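These notes are about the structure you will find just below.
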Amino acid sequence: MSIPEKFLKPYDPQAVESDLYKLWQESGYFNPDKCIENGVCKTDAEPFSIIMPPPNANGSLHAGHALFVTLQDIMTRFARMQGKRTLWLPGADHAGFETQVVYEKKLAKEGRSRFQMTREELYKEIWDFTQENKSFMEGQIRQLGASCDWSRELFTLDDRVIKTVYGTFEQLAKDDLLYRGLRSINWCPKHQTGLSNLEVDYQERKDPFYYIKYGPFTIGTARPETKFGDKYIVMHPDDKRYGEYKHGDSVEVDWLNGKITATIIKDEAGDPEIGSGVMTITPWHSAIDWEIAQRHNLDYEQIIDERGKLLDIAGEFAGMPITEARPKIVEKLDKMGLLIKTDESYEHSVPVCYKCSREIEPQLKEQWFVKTQPLADKAKEAIESDKIKIITDEQKKVALHWLENIEDWNISRQITWGIPIPAKICTECKHGEVDIDDKITECPKCGGKVEQDPDTFDTWFSSGQWPFTTLGYPNNDDFKTYYPTSIMETGRDLVFFWVSRMIMLGLYRTGEVPFKTVFFHGMVNDAKGKKMSKSKGNVINPLDISEQYGTDALRMGLIVGNAPGSDLNLDIQKINAYKKFSNKLWNITRFILTETNGVDLSKTAITTDTDKQIIDNLNAIVEQVTKELNNYQYHLAADRIYHYAWHELADKILEESKSILHSSTSSEQEVDKTAKLSRQYTLYTILTTTLKLLHPFMPFITEEIWRSLPEKNEEGMLMVAKWPNS
RNA sequence: GGGCGCUUAGCUCAGUUGGUUAGAGCGACUCGUUUACACCGAGUAGGCCGGGGGUUCGAAUCCCUCAGCGCCCACCA
């Protein structure tokens, strides 16, 4: 008998990984039902569930995906080996606006535009596009070793998902937590849709700032093009400089289109500290101005259209885009003697679309809004009472702070790619009515004609319901078994977009928290700590690394030293270190297999004090690693096993073993034989135990070694072997 | 404007309720290729744990303060 030949060569991940994945998948053990069927876990075993954050089906996986797959796979494999009823449910996200933006870029490259296509054509094309990406992405997730249950995979546009989302929409309407109303929304003139506050970025800019004579007042603005319709002058009620003016007084003003009558409005929003303390308002194109107008029941008028061009009210400037019109308007103001001065060094931050960086133009639109405060209060309570435990404490504070300052949520999007909003809109009075079953034929308010709401839901409205839609709320057995899920593992950047919404909507719809724990990982940056981006050219493709260094090395490189919640600098040299570690394990195995070759290892016979001590140490490691895994300290556990395997097992124990195993010169043959046998058992025990500890982190090489062992004291795959101290 | 962090070896970072000579990877230097592995081994150098103050028998760890860096949220007439 001799040891397998493969150990005579360095470890070659590429030669084994895909076969191993196939083996796992064919075993069926990714599916907890199969585990029960085959006695790997019991029906009444403690359930453990993770819903995978569905990756966007509009591209390939990046380093952040590799991190979350690794973390969740560690959690899943650990739970499975502990005999828990373990489900990791995968999915893919249609990612509404995100995907439509990606697809529009693709169209632009081909010289096409969505505005030249019918909704149906566009929808069909994007559907095909996502399905193609989805299957490509699934292959990549497999390559990373994910032990998720593919038989339960869902797409965010599957019928079951849509049905549940519609149910929630209807319920919100019944509970008076939904309304449709004219509001100031963030409008992107390029993408032709409204965006939530979270989808707006701010950019620091330096622009000219104009001081303009407005009747007896001086007003300041960086945006003279919005001023055509301004006919209200707002000032703070306590501003003594303007004590002579009373609320509602009229003032004659020479303005852009001739003489107008403006009205004085006293409102707390007027800040005496800024400029002259006087401002005019443009309710249609400013959220703050709109609020003031609402408070005093003022008129409002649209000045700029959805494409960012001036309307007829702008007189000779009508039809011009803002950038072109602005200097010409300033010129006119100057000619009219209204321009007092220009400040060229005005620095301010302007709202821009987070996708295209085009300036956001606030517009008044009828949209569907969710009243979030009541939902947020319950979410807050769940977090504060630790019904949902958030890791880390810092992220917990961030989440609570946001929930305390939450605003109503605009869930309407003027895009094609998404779940249609099931509602009818009256063509006459603009009233909107929820209509899940497509039954309404006339406006319930005015009897007018109705048409289908052309808008779709904000993606986060549907993905905010993902934990219970995936599990089949309310009647599916999976829902009953696995909800609330054990842990939600996702990126720190999704705390507001997704996690907070899942907590709110989960509590609202099911009455229970959607998950008991939230684990936030940080962002994956390049080796120098810079954010990866295509334009910087510093993007590291995890799949390339996986092929070059082995998936196990990639996984270790992503985990070790990466404390929860903190960003990670992905250094290729670090991954190389774990590639070497893979090979080290390989050679440890080779040594131990060689030294125990032909020995019956079915019963342990550890007799010497030294060996008992070694086993005690090993058990201490097992305890510590288990504790760290239970405390979500994956970065410490991985490092501990690494350190033990290399610097304890290989450097010390193996070296010392050489003299025990090869003491041929001694006259004390009997004693030596016992000691030798004891050491052989010891080494073999350490090897099998270490493989188990390491399996969640480095599943491929450990499984590959495991299946080459002659004697395991337990049958089957390492993936479903019993965790050492469970 | 509000909130949250970070500052530890040349570089990138760990360090879990305060406890003996502060750790890892990479890098540097010296030595070593005798039968697990050169994708290796043995060893060395390198840190007033950002500055200052305080609590304590004891502080990288807790408190205050200063400096530098970063992230998030809100917003600007």
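Note that this is a predicted model, so its numbers are computed, not measured. Order of the sequence lines fixes the chain letters, A, B, ..., with proteins taken first and strands second; residue numbering starts at 1 for each chain.
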*Looking at A:Tyr202, does any N or O in its side chain come under 4.0 Å of the phosphate oxygens OP1/OP2 on B:C75?*
yes

*Identify which nucleotide among B:C37, B:C73, B:U16 has an atom closest to any side-chain atom of A:Asn587, counting heavy atoms from C-beta outward.*
B:C37

_Taking pairing as Watson-Crick or G-U wobble with both contacts under 3.5 Å, can you name the mate of B:A59, or confirm there isn't one?_
none

*Identify whether any heavy atom of A:Gln633 sits under 4.0 Å from a base atom; if not, whether one sits that close to sugar-phosphate; answer base, sugar-phosphate or nothing.*
base

*Apply ring-ring contact (aromatic ring centres under 6.0 Å, His included) to the pair A:Tyr578 and A:Tyr549, showing each step before the final yes or no.*
CA-CA 8 Å; A:Tyr578 293 107; A:Tyr549 296 85; over 10 Å; no

*Pick base, sugar-phosphate or nothing for A:Tyr11, based on heavy-atom distances below 4.0 Å to the nucleic acid.*
nothing

*Going from CD1 on A:Ile303 to CH2 on A:Trp284, what distance comes out if it is rounded to the nearest 0.5 angstrom?*
9.5 Å

*Of the nucleotides B:A77, B:C26, B:C75, which has the atom closest to the A:Ala577 side chain?*
B:C26

*What does B:G70 pair with, Watson-Crick or G-U, if both distances are under 3.5 Å?*
B:C4

*asked:* As a test of reading the structure: which of B:G15, B:G27, B:C39 is closest to the side chain of A:Lys579, going by heavy atoms?
replied: B:C39

*asked:* If you go through the side-chain atoms of A:Glu655, does one of them form a donor-acceptor pair with the base of B:A36 closer than 3.5 Å?
replied: yes

*Between A:Asp239 and A:Arg241, is there a side-chain N and carboxylate O pair less than 4.0 Å apart?*
yes

*Could you pick out which residue, A:Lys227 or A:Asn631, lies toward the 5' side of RNA chain B when each is mapped onto its nearest nucleotide?*
A:Asn631

*asked:* Against A:Tyr346, only a single residue in A:Tyr211, A:Phe209, A:Tyr210 fulfils ring pair (Phe, Tyr, Trp, His ring centres under 6.0 Å); can you say which?
replied: A:Phe209

*Distance, P atom - from B:A77 to B:U65, rounded to whole angstrom*: 34 Å

*Hey, are A:Glu225 and A:Arg326 close enough for a salt bridge, meaning a charged N less than 4.0 Å from a carboxylate O?*
yes

*NA contact type, A:Ala638, heavy-atom cut-off 4.0 Å: base, sugar-phosphate, or nothing?*
nothing

*Which part of the nucleic acid, if any, lies within reach of A:Phe7 when heavy atoms closer than 4.0 Å are counted: base, sugar-phosphate only, or nothing?*
nothing

Using the 3.5 Å cut-off, write out each protein N or O paired with an N or O of nucleotides 5-11 of chain B and the distance between them.
from : atom 1 : to       : atom 2 : distance (Å)
B:G5 : OP1    : A:Lys397 : NZ     : 2.6

*Which is true for A:Asp571 with a 4.0 Å heavy-atom rule: it touches a base, it touches only sugar-phosphate, or it touches nothing?*
nothing

_Side chain of A:Asn583 only, heavy atoms from C-beta on: which candidate in B:C13, B:A74, B:C39 is closest?_
B:C39

*Quick one: do A:Glu489 and A:His521 satisfy side-chain hydrogen bond (donor to acceptor under 3.5 Å, both in side chains)? Show the steps, please.*
CA-CA 7 Å; A:Glu489 195 290 322; A:His521 61 253; 2.4 Å; yes

*Tell me: CG of A:Asn576 to C1' of B:U12, nearest whole Å?*
15 Å

*Could you measure between the two C1' atoms, the one in B:U35 and the one in B:A28, and give it in whole Å?*
32 Å

_With a 6.0 Å cut-off (strictly less than), is the heavy-atom count around NZ of A:Lys332, excluding the residue itself, greater than 12?_
yes

*Between B:C40, B:G25, B:A77, which nucleotide has the shortest distance from any of its atoms to the side chain of A:Tyr346?*
B:A77

*Counting any heavy atom closer than 4.0 Å, what does A:Thr594 reach on the DNA or RNA strands: base, sugar-phosphate only, or nothing?*
nothing

*asked:* Tell me whether A:Asp386 is salt-bridged to A:Lys389, with the criterion being a basic N under 4.0 Å from an acidic carboxylate O.
replied: no

*Is it possible for you to check whether A:Arg501 lies under 6.0 Å from the centre of the six-membered ring of A:Trp409, through NZ or CZ, and within 45° of that ring's axis?*
yes

*Remember a base hit wins even if backbone is also touched, and classify A:Asn197 as base, sugar-phosphate or nothing at under 4.0 Å, heavy atoms.*
sugar-phosphate

*Quote, to the nearest angstrom, the P distance that separates B:C29 from B:G46.*
16 Å

*Nearest to the side chain of A:Lys584 - B:C40, B:G25, B:G15?*
B:C40

*Across the strands shown, which category fits A:Ile219 at heavy-atom distances under 4.0 angstrom: base, sugar-phosphate, nothing?*
nothing

*Give A:Tyr578 one of three labels, base, sugar-phosphate or nothing, depending on what nucleic acid heavy atoms sit under 4.0 Å from its own.*
nothing

_Under a 4.0 Å threshold between the charged nitrogen and the carboxylate oxygen, would A:Glu704 count as salt-bridged to A:Lys6?_
yes

*Mate of B:A42 where both pairing distances stay under 3.5 Å, Watson-Crick or G-U*: B:U30

*Go through residues 646-654 of chain A and report each residue with a non-hydrogen atom lying under 4.0 Å from RNA chain B, sorted by number.*
A:Trp646, A:His647, A:Ala650, A:Asp651, A:Leu654

*Hey, which of A:Tyr242, A:Trp255, A:Tyr232 is the one that makes ring pair (Phe, Tyr, Trp, His ring centres under 6.0 Å) with A:Phe217?*
A:Tyr242

*Pick base, sugar-phosphate or nothing for A:Thr589, based on heavy-atom distances below 4.0 Å to the nucleic acid.*
nothing

*When rounded to the nearest 0.5 angstrom, what is the spacing between CZ in A:Phe369 and OG in A:Ser196?*
10.5 Å

_Nucleotide of B:A36, B:A14, B:A77 approaching A:Thr221 most closely (side-chain heavy atoms)_ = B:A77

*Between B:C13, B:C40, B:C72, which nucleotide gets closest to the side-chain atoms of A:Lys580?*
B:C40

*asked:* Looking at A:Lys658, I'd like to know whether one of its side-chain N or O atoms comes within less than 4.0 Å of OP1 or OP2 on B:U34.
replied: no

_Nucleotide nearest A:Met279 when distance is taken to its side chain, options B:A24, B:C26, B:A77_ = B:A77

